[in-house]
Colleague: 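Input: one structure, supplied below.
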Amino acid sequence: MDMEKLMQLATGRTIEMFAQDLQTHEEELRGQICKSRILVIGGAGTIGSATIRSLVRYNPKTLHVVDQNENSLAELVRDLRSCQSRFVVADFKALPLDFGSPLMGKFLTNSEPYDYVLNFAALKHVRSEKDVYSSMQILDTNVLKQFRLLRWLADRNCKNYFSVSTDKAANPVNLMGASKRIMEHVMFSNVVPLNGLSSITSARFANVAFSDGSILYSLLRRIEKRQPCVVPRGIRRFFITQKEAGIICLLGAFATPSKHILIPRLDQEKDLRELVPIAVGIIKHLGLNAQVFSNEAQAKEELTSMFDRGQYPLLVTEPDTTGEKPYEEFVGKGENAVEIGFRDLEAVEYRPVQMAILHEFLERIEEDLCRDDHNLSKENLLALVSGVVPSFQHIETGNYLDSRM
(Lines give C-alpha, C1' and ligand atoms only; values in the text may rest on other atoms or scores of the structure.)
Protein backbone atom coordinates (compact mmCIF):
# COMPACT_ATOMS: atom_id res chain seq x y z
CA MET A 1 0.00 0.00 0.00
CA ASP A 2 1.49 3.33 -1.09
CA MET A 3 0.76 5.61 1.90
CA GLU A 4 2.37 8.59 0.18
CA LYS A 5 -0.09 8.27 -2.69
CA LEU A 6 -2.98 7.85 -0.26
CA MET A 7 -1.93 11.02 1.57
CA GLN A 8 -1.94 12.89 -1.74
CA LEU A 9 -5.45 11.58 -2.47
CA ALA A 10 -6.62 12.89 0.90
CA THR A 11 -4.91 16.29 0.87
CA GLY A 12 -5.07 17.02 -2.86
CA ARG A 13 -1.42 18.08 -2.65
CA THR A 14 1.85 16.59 -3.88
CA ILE A 15 4.02 19.18 -2.11
CA GLU A 16 4.52 19.03 1.65
CA MET A 17 3.38 22.05 3.63
CA PHE A 18 5.39 23.78 6.41
CA ALA A 19 8.80 22.54 5.17
CA GLN A 20 10.02 26.10 4.57
CA ASP A 21 8.78 27.29 7.97
CA LEU A 22 10.57 24.36 9.61
CA GLN A 23 13.78 25.19 7.76
CA THR A 24 13.53 28.88 8.69
CA HIS A 25 13.33 28.00 12.39
CA GLU A 26 15.79 25.10 12.25
CA GLU A 27 18.53 26.70 14.33
CA GLU A 28 16.07 28.10 16.86
CA LEU A 29 14.54 24.65 17.34
CA ARG A 30 17.90 22.93 17.59
CA GLY A 31 19.18 25.42 20.15
CA GLN A 32 16.13 25.03 22.40
CA ILE A 33 15.53 21.29 22.12
CA CYS A 34 19.06 19.91 22.47
CA LYS A 35 19.50 21.37 25.97
CA SER A 36 15.97 20.74 27.28
CA ARG A 37 14.10 18.31 29.49
CA ILE A 38 10.90 17.51 27.60
CA LEU A 39 7.75 15.67 28.73
CA VAL A 40 5.27 14.55 26.07
CA ILE A 41 1.81 13.52 27.30
CA GLY A 42 -0.37 11.41 25.01
CA GLY A 43 2.75 10.84 22.95
CA ALA A 44 1.80 7.44 21.52
CA GLY A 45 -1.19 8.69 19.49
CA THR A 46 -0.96 9.70 15.86
CA ILE A 47 -0.24 13.40 16.41
CA GLY A 48 1.90 12.95 19.51
CA SER A 49 4.09 10.28 17.90
CA ALA A 50 4.44 12.34 14.70
CA THR A 51 5.63 15.28 16.82
CA ILE A 52 8.09 13.06 18.68
CA ARG A 53 9.54 11.82 15.39
CA SER A 54 10.21 15.44 14.42
CA LEU A 55 11.45 16.27 17.90
CA VAL A 56 14.09 13.53 18.22
CA ARG A 57 15.97 14.88 15.20
CA TYR A 58 17.22 17.63 17.53
CA ASN A 59 18.50 15.23 20.21
CA PRO A 60 16.76 16.50 23.39
CA LYS A 61 18.65 16.06 26.63
CA THR A 62 15.64 14.35 28.23
CA LEU A 63 12.52 12.90 26.61
CA HIS A 64 9.84 11.31 28.78
CA VAL A 65 6.68 10.05 27.07
CA VAL A 66 3.42 9.35 28.92
CA ASP A 67 0.44 7.54 27.38
CA GLN A 68 -2.29 5.32 28.81
CA ASN A 69 -2.29 3.10 25.72
CA GLU A 70 0.58 0.77 26.56
CA ASN A 71 0.36 -1.10 23.23
CA SER A 72 0.78 2.10 21.23
CA LEU A 73 3.50 3.21 23.62
CA ALA A 74 5.41 -0.02 23.02
CA GLU A 75 5.04 0.45 19.26
CA LEU A 76 6.37 4.01 19.50
CA VAL A 77 9.47 2.81 21.37
CA ARG A 78 10.05 0.10 18.76
CA ASP A 79 9.78 2.66 15.96
CA LEU A 80 12.17 5.09 17.63
CA ARG A 81 14.75 2.41 18.43
CA SER A 82 14.48 0.88 14.93
CA CYS A 83 14.71 4.02 12.79
CA GLN A 84 17.66 4.34 10.41
CA SER A 85 18.87 7.63 11.87
CA ARG A 86 20.54 7.25 15.24
CA PHE A 87 18.26 7.76 18.25
CA VAL A 88 20.32 9.92 20.62
CA VAL A 89 18.46 10.73 23.83
CA ALA A 90 20.47 10.09 26.97
CA ASP A 91 17.45 10.15 29.30
CA PHE A 92 14.46 8.47 27.63
CA LYS A 93 11.45 6.96 29.40
CA ALA A 94 8.09 5.66 28.21
CA LEU A 95 5.48 5.48 30.98
CA PRO A 96 1.93 4.01 30.74
CA LEU A 97 0.30 6.63 32.99
CA ASP A 98 -3.07 8.39 33.07
CA PHE A 99 -1.98 12.04 32.89
CA GLY A 100 -4.72 13.19 35.27
CA SER A 101 -4.32 10.47 37.89
CA PRO A 102 -2.81 10.84 41.38
CA LEU A 103 0.07 8.65 40.19
CA MET A 104 0.92 11.26 37.53
CA GLY A 105 1.01 13.88 40.25
CA LYS A 106 3.46 11.75 42.24
CA PHE A 107 5.60 11.22 39.14
CA LEU A 108 5.84 14.98 38.55
CA THR A 109 6.60 15.64 42.22
CA ASN A 110 9.49 13.20 42.14
CA SER A 111 10.88 14.36 38.76
CA GLU A 112 13.17 17.25 38.00
CA PRO A 113 11.23 20.20 36.51
CA TYR A 114 10.68 20.04 32.76
CA ASP A 115 11.65 22.83 30.39
CA TYR A 116 8.83 21.89 28.00
CA VAL A 117 5.62 19.93 28.46
CA LEU A 118 3.69 18.99 25.30
CA ASN A 119 0.20 17.60 25.87
CA PHE A 120 -1.66 15.57 23.23
CA ALA A 121 -3.99 13.62 25.52
CA ALA A 122 -7.64 14.10 24.58
CA LEU A 123 -10.98 12.57 23.78
CA LYS A 124 -11.25 13.74 20.19
CA HIS A 125 -14.29 12.04 18.67
CA VAL A 126 -17.59 13.85 18.21
CA ARG A 127 -19.34 10.48 18.54
CA SER A 128 -18.35 10.31 22.23
CA GLU A 129 -21.05 12.77 23.35
CA LYS A 130 -23.85 10.23 22.95
CA ASP A 131 -24.94 10.27 26.62
CA VAL A 132 -24.31 12.23 29.81
CA TYR A 133 -21.61 9.85 31.07
CA SER A 134 -19.62 9.92 27.86
CA SER A 135 -20.09 13.69 27.73
CA MET A 136 -18.76 14.06 31.27
CA GLN A 137 -15.76 11.94 30.30
CA ILE A 138 -15.00 14.40 27.48
CA LEU A 139 -15.00 17.28 29.97
CA ASP A 140 -13.01 15.31 32.53
CA THR A 141 -10.27 14.42 30.00
CA ASN A 142 -10.15 17.61 27.95
CA VAL A 143 -10.73 20.16 30.74
CA LEU A 144 -10.46 18.94 34.33
CA LYS A 145 -7.38 16.76 33.88
CA GLN A 146 -5.73 19.63 32.03
CA PHE A 147 -6.60 21.92 34.96
CA ARG A 148 -5.15 19.38 37.40
CA LEU A 149 -2.00 18.94 35.32
CA LEU A 150 -1.38 22.69 35.17
CA ARG A 151 -1.65 22.94 38.95
CA TRP A 152 0.98 20.21 39.31
CA LEU A 153 3.23 21.89 36.76
CA ALA A 154 2.87 25.24 38.56
CA ASP A 155 4.25 23.59 41.68
CA ARG A 156 7.14 22.11 39.66
CA ASN A 157 8.21 25.33 37.90
CA CYS A 158 7.50 24.18 34.35
CA LYS A 159 8.88 26.76 31.91
CA ASN A 160 6.93 26.16 28.68
CA TYR A 161 3.60 24.44 28.02
CA PHE A 162 1.91 23.42 24.77
CA SER A 163 -1.39 21.58 24.42
CA VAL A 164 -2.99 20.75 21.10
CA SER A 165 -6.51 22.04 20.44
CA THR A 166 -8.75 21.44 17.41
CA ASP A 167 -10.36 23.32 14.54
CA LYS A 168 -13.68 22.26 16.12
CA ALA A 169 -12.99 24.74 18.95
CA ALA A 170 -13.73 27.58 16.51
CA ASN A 171 -17.50 28.27 16.63
CA PRO A 172 -18.15 24.79 18.10
CA VAL A 173 -21.28 22.79 17.30
CA ASN A 174 -20.39 19.72 19.36
CA LEU A 175 -19.32 19.10 22.94
CA MET A 176 -15.86 17.89 21.94
CA GLY A 177 -15.08 21.17 20.17
CA ALA A 178 -16.54 23.24 23.00
CA SER A 179 -14.50 21.27 25.57
CA LYS A 180 -11.34 22.12 23.66
CA ARG A 181 -12.32 25.81 23.60
CA ILE A 182 -12.69 25.66 27.38
CA MET A 183 -9.32 23.89 27.52
CA GLU A 184 -7.82 26.92 25.77
CA HIS A 185 -9.37 29.15 28.44
CA VAL A 186 -7.93 26.98 31.21
CA MET A 187 -4.49 27.22 29.60
CA PHE A 188 -4.37 30.91 28.78
CA SER A 189 -6.60 32.64 31.33
CA ASN A 190 -4.25 32.27 34.32
CA VAL A 191 -6.97 30.39 36.21
CA VAL A 192 -3.92 28.45 37.41
CA PRO A 193 -1.23 31.06 38.24
CA LEU A 194 1.87 29.97 36.34
CA ASN A 195 4.26 32.68 37.36
CA GLY A 196 7.41 30.85 36.28
CA LEU A 197 6.03 29.99 32.85
CA SER A 198 7.81 31.65 29.93
CA SER A 199 5.40 30.49 27.22
CA ILE A 200 2.04 28.78 26.86
CA THR A 201 0.78 27.96 23.35
CA SER A 202 -1.60 25.77 21.39
CA ALA A 203 -2.54 24.79 17.83
CA ARG A 204 -5.73 24.18 15.92
CA PHE A 205 -5.47 22.31 12.66
CA ALA A 206 -7.23 20.13 10.16
CA ASN A 207 -8.02 16.44 10.09
CA VAL A 208 -4.87 14.33 10.10
CA ALA A 209 -5.22 11.94 7.18
CA PHE A 210 -5.38 8.29 8.22
CA SER A 211 -4.88 9.04 11.92
CA ASP A 212 -6.03 6.34 14.33
CA GLY A 213 -9.81 6.19 14.50
CA SER A 214 -10.37 8.73 11.71
CA ILE A 215 -12.82 8.25 8.86
CA LEU A 216 -10.05 7.72 6.28
CA TYR A 217 -8.33 5.22 8.56
CA SER A 218 -11.67 3.41 8.87
CA LEU A 219 -11.90 3.02 5.09
CA LEU A 220 -8.66 1.04 4.98
CA ARG A 221 -9.70 -1.05 7.98
CA ARG A 222 -13.15 -1.75 6.54
CA ILE A 223 -11.70 -3.02 3.28
CA GLU A 224 -9.19 -5.14 5.20
CA LYS A 225 -12.08 -6.64 7.21
CA ARG A 226 -14.36 -6.93 4.15
CA GLN A 227 -16.91 -4.46 5.46
CA PRO A 228 -18.68 -1.85 3.32
CA CYS A 229 -17.01 1.58 3.32
CA VAL A 230 -19.07 4.44 4.77
CA VAL A 231 -18.84 8.23 4.39
CA PRO A 232 -21.39 11.04 4.90
CA ARG A 233 -22.74 12.95 1.92
CA GLY A 234 -21.67 16.53 1.23
CA ILE A 235 -19.19 16.84 4.12
CA ARG A 236 -15.97 18.72 3.35
CA ARG A 237 -12.81 18.60 5.42
CA PHE A 238 -9.30 20.03 5.47
CA PHE A 239 -6.63 17.31 5.54
CA ILE A 240 -2.97 17.40 6.45
CA THR A 241 -0.48 14.55 6.62
CA GLN A 242 0.73 13.03 9.88
CA LYS A 243 4.19 14.48 9.29
CA GLU A 244 2.69 17.95 8.73
CA ALA A 245 0.72 17.65 11.98
CA GLY A 246 3.96 16.89 13.82
CA ILE A 247 5.66 19.94 12.29
CA ILE A 248 2.77 22.24 13.29
CA CYS A 249 2.99 21.03 16.88
CA LEU A 250 6.78 21.34 16.93
CA LEU A 251 6.58 24.93 15.70
CA GLY A 252 3.64 25.61 18.01
CA ALA A 253 5.57 24.41 21.04
CA PHE A 254 8.99 25.91 20.28
CA ALA A 255 8.55 28.85 17.88
CA THR A 256 5.18 30.48 18.58
CA PRO A 257 4.64 33.56 20.79
CA SER A 258 3.01 32.92 24.14
CA LYS A 259 -0.81 33.01 24.35
CA HIS A 260 -1.18 32.36 20.61
CA ILE A 261 -2.88 29.43 18.88
CA LEU A 262 -1.07 28.31 15.72
CA ILE A 263 -3.25 27.53 12.68
CA PRO A 264 -2.45 26.41 9.12
CA ARG A 265 -2.92 28.83 6.25
CA LEU A 266 -5.47 26.82 4.27
CA ASP A 267 -7.98 28.10 1.73
CA GLN A 268 -11.65 27.12 2.01
CA GLU A 269 -12.15 27.20 -1.74
CA LYS A 270 -9.01 25.28 -2.68
CA ASP A 271 -8.22 23.04 0.29
CA LEU A 272 -11.60 21.88 1.65
CA ARG A 273 -11.99 18.32 0.32
CA GLU A 274 -15.26 16.43 -0.05
CA LEU A 275 -15.21 13.00 1.57
CA VAL A 276 -17.09 10.96 -1.07
CA PRO A 277 -14.60 11.56 -3.94
CA ILE A 278 -11.71 10.84 -1.57
CA ALA A 279 -13.29 7.52 -0.58
CA VAL A 280 -13.83 6.62 -4.24
CA GLY A 281 -10.17 7.41 -4.95
CA ILE A 282 -8.92 5.32 -2.03
CA ILE A 283 -10.98 2.32 -3.12
CA LYS A 284 -9.66 2.71 -6.66
CA HIS A 285 -6.07 2.97 -5.40
CA LEU A 286 -6.58 -0.44 -3.76
CA GLY A 287 -7.54 -1.94 -7.14
CA LEU A 288 -11.32 -1.83 -6.76
CA ASN A 289 -14.16 0.21 -8.23
CA ALA A 290 -16.53 1.90 -5.79
CA GLN A 291 -20.26 1.43 -6.19
CA VAL A 292 -22.38 3.87 -4.20
CA PHE A 293 -25.22 2.60 -1.98
CA SER A 294 -27.74 4.43 0.17
CA ASN A 295 -29.10 1.30 1.87
CA GLU A 296 -26.98 -0.28 4.61
CA ALA A 297 -28.49 -3.78 4.39
CA GLN A 298 -28.04 -3.90 0.62
CA ALA A 299 -24.42 -2.77 0.84
CA LYS A 300 -23.65 -5.58 3.31
CA GLU A 301 -25.59 -8.17 1.34
CA GLU A 302 -23.85 -7.51 -1.99
CA LEU A 303 -20.30 -7.06 -0.71
CA THR A 304 -19.00 -10.59 -1.37
CA SER A 305 -20.29 -10.90 -4.93
CA MET A 306 -19.12 -7.36 -5.74
CA PHE A 307 -15.61 -8.02 -4.40
CA ASP A 308 -15.29 -11.04 -6.68
CA ARG A 309 -16.02 -8.70 -9.62
CA GLY A 310 -13.45 -6.11 -8.50
CA GLN A 311 -16.06 -3.75 -7.06
CA TYR A 312 -16.63 -2.48 -3.54
CA PRO A 313 -19.71 -1.01 -1.81
CA LEU A 314 -19.51 2.60 -0.61
CA LEU A 315 -22.42 3.50 1.64
CA VAL A 316 -23.13 7.24 1.50
CA THR A 317 -25.14 8.40 4.50
CA GLU A 318 -26.99 11.61 5.27
CA PRO A 319 -25.01 14.06 7.48
CA ASP A 320 -27.66 14.17 10.20
CA THR A 321 -25.80 12.95 13.29
CA THR A 322 -25.43 15.05 16.43
CA GLY A 323 -22.56 17.54 16.32
CA GLU A 324 -21.86 17.19 12.60
CA LYS A 325 -20.45 20.36 11.05
CA PRO A 326 -20.56 20.56 7.24
CA TYR A 327 -17.31 22.52 6.94
CA GLU A 328 -14.25 23.47 8.99
CA GLU A 329 -12.78 26.75 10.17
CA PHE A 330 -9.89 27.78 12.39
CA VAL A 331 -10.83 31.31 13.50
CA GLY A 332 -13.91 31.69 15.67
CA LYS A 333 -16.37 34.54 16.08
CA GLY A 334 -14.67 37.55 17.63
CA GLU A 335 -11.18 36.18 16.98
CA ASN A 336 -8.48 37.48 14.63
CA ALA A 337 -5.74 35.73 12.70
CA VAL A 338 -2.37 37.47 12.95
CA GLU A 339 1.00 37.11 11.25
CA ILE A 340 3.82 35.74 13.43
CA GLY A 341 6.56 35.21 10.86
CA PHE A 342 5.55 31.97 9.11
CA ARG A 343 4.83 31.35 5.44
CA ASP A 344 2.25 28.56 5.70
CA LEU A 345 1.00 29.27 9.21
CA GLU A 346 -0.60 32.11 11.13
CA ALA A 347 -1.97 32.42 14.65
CA VAL A 348 -5.09 33.29 16.61
CA GLU A 349 -4.61 35.69 19.50
CA TYR A 350 -6.24 34.39 22.65
CA ARG A 351 -9.38 36.25 23.71
CA PRO A 352 -10.07 35.82 27.45
CA VAL A 353 -13.22 34.72 29.20
CA GLN A 354 -14.42 36.21 32.48
CA MET A 355 -12.48 34.49 35.25
CA ALA A 356 -15.52 34.22 37.54
CA ILE A 357 -17.43 32.29 34.85
CA LEU A 358 -14.53 29.90 34.28
CA HIS A 359 -13.99 29.31 38.00
CA GLU A 360 -17.70 28.59 38.51
CA PHE A 361 -17.74 26.16 35.58
CA LEU A 362 -14.73 24.19 36.85
CA GLU A 363 -16.19 23.98 40.35
CA ARG A 364 -19.58 22.82 39.06
CA ILE A 365 -18.12 20.15 36.79
CA GLU A 366 -15.88 18.79 39.56
CA GLU A 367 -18.89 18.67 41.89
CA ASP A 368 -21.02 16.87 39.29
CA LEU A 369 -18.33 14.24 38.81
CA CYS A 370 -18.15 13.55 42.54
CA ARG A 371 -21.86 13.72 43.45
CA ASP A 372 -23.72 10.43 43.90
CA ASP A 373 -27.15 11.44 42.67
CA HIS A 374 -29.38 11.08 39.64
CA ASN A 375 -29.76 14.74 38.67
CA LEU A 376 -26.98 14.76 36.10
CA SER A 377 -28.32 15.43 32.61
CA LYS A 378 -26.78 16.19 29.26
CA GLU A 379 -29.05 19.23 28.86
CA ASN A 380 -27.71 20.79 32.07
CA LEU A 381 -24.18 19.98 30.95
CA LEU A 382 -24.66 21.72 27.60
CA ALA A 383 -26.13 24.77 29.35
CA LEU A 384 -23.07 24.98 31.62
CA VAL A 385 -20.73 24.75 28.63
CA SER A 386 -22.67 27.45 26.75
CA GLY A 387 -22.10 29.79 29.69
CA VAL A 388 -18.34 29.60 29.11
CA VAL A 389 -18.46 29.36 25.30
CA PRO A 390 -21.19 31.75 24.05
CA SER A 391 -20.44 30.81 20.42
CA PHE A 392 -21.37 27.18 21.17
CA GLN A 393 -24.33 26.31 18.94
CA HIS A 394 -24.94 22.65 19.69
CA ILE A 395 -26.38 20.62 16.83
CA GLU A 396 -28.56 17.95 18.46
CA THR A 397 -30.40 15.66 16.05
CA GLY A 398 -31.02 12.59 18.20
CA ASN A 399 -28.97 10.52 15.75
CA TYR A 400 -25.58 9.14 16.79
CA LEU A 401 -22.83 7.33 14.92
CA ASP A 402 -22.97 4.32 17.25
CA SER A 403 -26.38 3.43 15.77
CA ARG A 404 -24.91 3.25 12.27
CA MET A 405 -22.51 1.02 10.44
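What you see is a predicted model, and the numbers here were worked out from it, not measured in a lab.
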Colleague: For Q242 and A209, indicate whether the former's side chain and the latter's backbone hold a donor-acceptor pair under 3.5 Å.
Modeller: yes
Colleague: Any side-chain to backbone donor/acceptor pair from D91 onto T62? Under 3.5 Å, distance only.
Modeller: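 Not at all, since once roles are kept as given, no pair shorter than 3.5 Å links the two residues.
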Colleague: How long is the gap from CD1 on I395 to CD on E324, to the nearest 0.5 Å?
Modeller: 8.5 Å
Colleague: Measuring from atom CG of L216 to atom CG of L6, what distance do you get when rounded to the nearest 0.5 angstrom?
Modeller: 9.0 Å
Colleague: Less than 3.5 Å apart, any donor N or O on the side chain of N207 or E328 sitting next to an acceptor on the other?
Modeller: yes
Colleague: Is there any side-chain hydrogen bond (donor to acceptor under 3.5 Å, both in side chains) pair reaching into residues 137-152, and which pairs are they, with sequence neighbours excluded?
Modeller: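 Qualifying pairs, neighbours excluded: D98-K145, Q137-T141, N142-S179, Q146-Y161, Q146-S163.
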Colleague: Does F361 form a ring-ring contact (aromatic ring centres under 6.0 Å, His included) with H185? I'd like the steps, not just the answer.
Modeller: CA-CA 11 Å; F361 173 82; H185 287 314; 9.9 Å; no
Colleague: Tell me, please, whether F392 has R181 positioned over its six-membered ring: NZ or CZ under 6.0 Å from the ring centre and within 45 degrees of its axis?
Modeller: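 Judged by the rule (NZ or CZ under 6.0 Å from the ring centre, within 45° of its axis), R181 is not positioned above F392.
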Colleague: For the CZ atom of F18 and the OG1 atom of T241, what is their distance to the nearest 0.5 Å?
Modeller: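 Between F18 CZ and T241 OG1, I get 8.0 Å after rounding to 0.5 Å.
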Colleague: Should the pair D115-K159 be classified as a salt bridge under the 4.0 Å nitrogen-to-oxygen rule?
Modeller: yes
Colleague: Using the salt bridge (charged side-chain N to carboxylate O under 4.0 Å, His left out) rule, collect all pairs that involve residues 196-217, keeping only residues at least two apart or in two chains.
Modeller: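 Qualifying pairs, neighbours excluded: E184-R204, R204-E335.
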Colleague: Find out whether the Lys NZ or Arg CZ of R30 is both under 6.0 angstrom from the six-membered ring centre of Y58 and within 45° of the ring's axis.
Modeller: no
Colleague: Would F238 and F205 count as a ring-ring contact (aromatic ring centres under 6.0 Å, His included) if you check the C-alpha gap in whole Å, the side-chain angles of each, and the deciding distance to 0.1 Å?
Modeller: CA-CA 8 Å; F238 290 117; F205 49 83; over 10 Å; no
Colleague: Check step by step if salt bridge (charged side-chain N to carboxylate O under 4.0 Å, His left out) holds for R13 and E244.
Modeller: CA-CA 12 Å; R13 293 182 279 105; E244 289 168 343; 2.8 Å; yes
Colleague: Show your reasoning for whether salt bridge (charged side-chain N to carboxylate O under 4.0 Å, His left out) applies to R237 and E274.
Modeller: CA-CA 6 Å; R237 294 287 182 257; E274 191 174 347; over 6 Å; no
Colleague: Name all pairs fulfilling the salt bridge (charged side-chain N to carboxylate O under 4.0 Å, His left out) condition that reach into residues 297-318, sequence neighbours left out, sorted by first residue then second.
Modeller: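 Residue pairs passing salt bridge (charged side-chain N to carboxylate O under 4.0 Å, His left out), neighbours aside: R233-E318, E296-K300.
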Colleague: Assess whether a salt bridge exists between K378 and E129, defined as any Lys/Arg side-chain N lying under 4.0 Å from an Asp/Glu carboxylate O.
Modeller: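 A salt bridge is present here (some side-chain N lies under 4.0 Å from a carboxylate O).
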Colleague: Quick check against the 3.5 Å criterion: does D21 have a side-chain atom that pairs as donor or acceptor with the backbone of D344?
Modeller: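 Looks like yes, one N/O pair under 3.5 Å.
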